[in-house]
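For reference, the structure discussed in these notes is given below.
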Amino acid sequence: MDLSLKQIRVEKTPHSRIKSVNFDKLPFGKEVSDHMFVSNYKDGSWQDPRVVPYQPLSLEPSAKVFHYGQSIFEGMKAYKDAEGKVWLFRPQENQRRLNTSAKRLAIPEVPAELFMEGLKALLEVDSDWIPTSEGSSLYIRPFVFASGTGFHASPADEYTFIIATSPSGAYFGGKIGVKIEEKYSRAANGGVGYAKAGGNYAGQFYPTQLAVKEGYQQVIWTDDHKHEFIEEAGAMNIFIRIGDTLLTSPTSDRILDGVTRKSILSLAEAEGIPLEVRKVRVSELVAAAENGSLKELFGAGTAAVVSPIHSFGYKDRRFELPELPESYASHFKKRITDIQYNRAKDPFGWRYAVK
Ligand code: COI
């Protein structure tokens with residue numbers, strides 16, 4: 001597919017909503033910008049790439065997304081630097097991962113040009129929606145779903161690819177407490193845990209509601225077999241610091257290959273921070289909390305950036321994490337956001353200029 005920006009039809013809204021948004025006090029993911037990018041898959045190809053006003057969709061009740069959950073998404077952000085220039089962070093990683101998810105859910109892959117050129121065309125039209133206040137960015141949500149119809153349990157013949165955006169502040173507000181899950185599972189071997197499938201998230205809501213009732217914000221998922229090993233936290237990958245060693249679980253069938261996760265691993269390696277990518281037992285975490293060698297627990301993800309975890313619960317016990325003046329979490333958050341907002345050199349070539 002050879003798609004240049006010229007082939008993307010652009011229809012601008014006559015009624016911008018931008019003045020109704022308080023850019024100084026942005027929640028995460030609630031406000032939506034004026035436009036969205038859309039393309040439809042029909043007769044074996046992606047067609048009619050267009051930027052149009054953000055609007056409701058018209059779908060048949062028999063659209064397969066409603067019945068069989070053929071739905072995948074990505075999470076990205078656009079950043080504006082002090083000169084007003086617009087940047088993305090490792091967008092090719094999201095483009096590739098969308099297609100990894102697509103393959104697993106029997107959804108046709110989205111060509112790289114369609115993804116990148118569609119995204120750039122959208123950002124050009126809605127560049128005023130990229131916030132500049134500290135800690136805010138334009139959250140980008142590319143997603144693909146089965147818009148083709150029929151109750152037969154088989155892949156649809158039509159799909160819709162949309163990129164919508166949301167000027168957003170921090171994902172978490174306040175201190176984060178997590179519960180280590182011992183009953184429910186997020187993913188199993190051979191399943192779809194590594195994909196960004198909508199259903200992966202739906203399956204987490206009920207166990208998370210139970211954890212919230214117990215005073216936590218998030219669940220830490222453990223392996224589905226015996227609930228012995230730390231895996232991930234659903235909206236983020238998990239890092240553990242014991243002594244000065246940084247630990248995280250290897251990716252697998254069950255764990256999302258997070259872009260922020262792999263960026264932290266590259267930074268830690270380059271900086272000589274002792275690093276172990278290996279399975280971590282819950283019992284090892286609890287023992288480290290008991291003997292005082294557990295220094296940090298933090299989550300990493302596009303939405304969450306790098307989020308320190310202040311306490312964790314396991315069985316009927318709750319463990320508080322120490323407040324460190326110089327934490328790995330704040331160090332990595334600064335290094336990554338300095339690159340994202342063009343405040344520092346980019347030795348890995350992660351920053352991507354939007355023309
Ligand atoms: C992201 O970090 O962008 C994600 O996709 C997580 C989502 C649940 C907010």
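We number each residue from 1, following the sequence as shown. Indexing begins at 1, ligand by ligand and atom by atom, following the structure's order.
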Next on the checklist: Below 30° counts as parallel, above 60° as perpendicular, anything between as tilted: where do the rings of F319 and F312 land?
Outcome noted: parallel

Checklist entry - F115 vs F161 aromatic rings, parallel, tilted or perpendicular, using cut-offs 30° and 60°? => result parallel

Next on the checklist: Does ligand 1 come near enough to A303 that some N or O of the ligand is less than 3.5 Å from an N or O of the residue?
Outcome noted: yes

Checklist entry - Quick one: does Y171 get an N or O within less than 3.5 Å of an N or O on ligand 1? => result no

Checklist entry - Do K80 and Y341 get their side chains close enough for a donor-acceptor pair, meaning under 3.5 Å? => result no

Next on the checklist: Is a donor from one side chain sitting under 3.5 angstrom from an acceptor on the other, for H15 and T13?
Outcome noted: no

Item to check | Atoms in ligand 1 with a heavy atom of G75 nearer than 4.0 Å | outcome: 3 (O)

Next on the checklist: Under a 4.0 angstrom heavy-atom cut-off, which atoms of ligand 1 come close to F73?
Outcome noted: 5 (O)

Which residue holds the protein heavy atom closest to [atom], what is that atom called, and what is the gap in Å?
atom                   : value
atom 1 (C) of ligand 1 : Y139 OH, 3.3 Å
atom 8 (C) of ligand 1 : Y201 CE2, 3.6 Å
atom 7 (C) of ligand 1 : R141 NH2, 3.9 Å
atom 5 (O) of ligand 1 : K196 NZ, 2.7 Å

Checklist entry - Do the two ring centres, one from F73 and one from F145, sit under 6.0 Å apart? => result no

Checklist entry - With a 6.0 Å cut-off on ring centres, are W87 and Y79 close enough? => result no

Checklist entry - Do the numbers put K279 on top of the ring of F229, so that NZ or CZ is under 6.0 Å from the six-membered ring centre and no more than 45° off the axis? => result yes

Checklist entry - Does at least one non-hydrogen atom of K77 fall below 4.0 angstrom from an atom of ligand 1? => result no

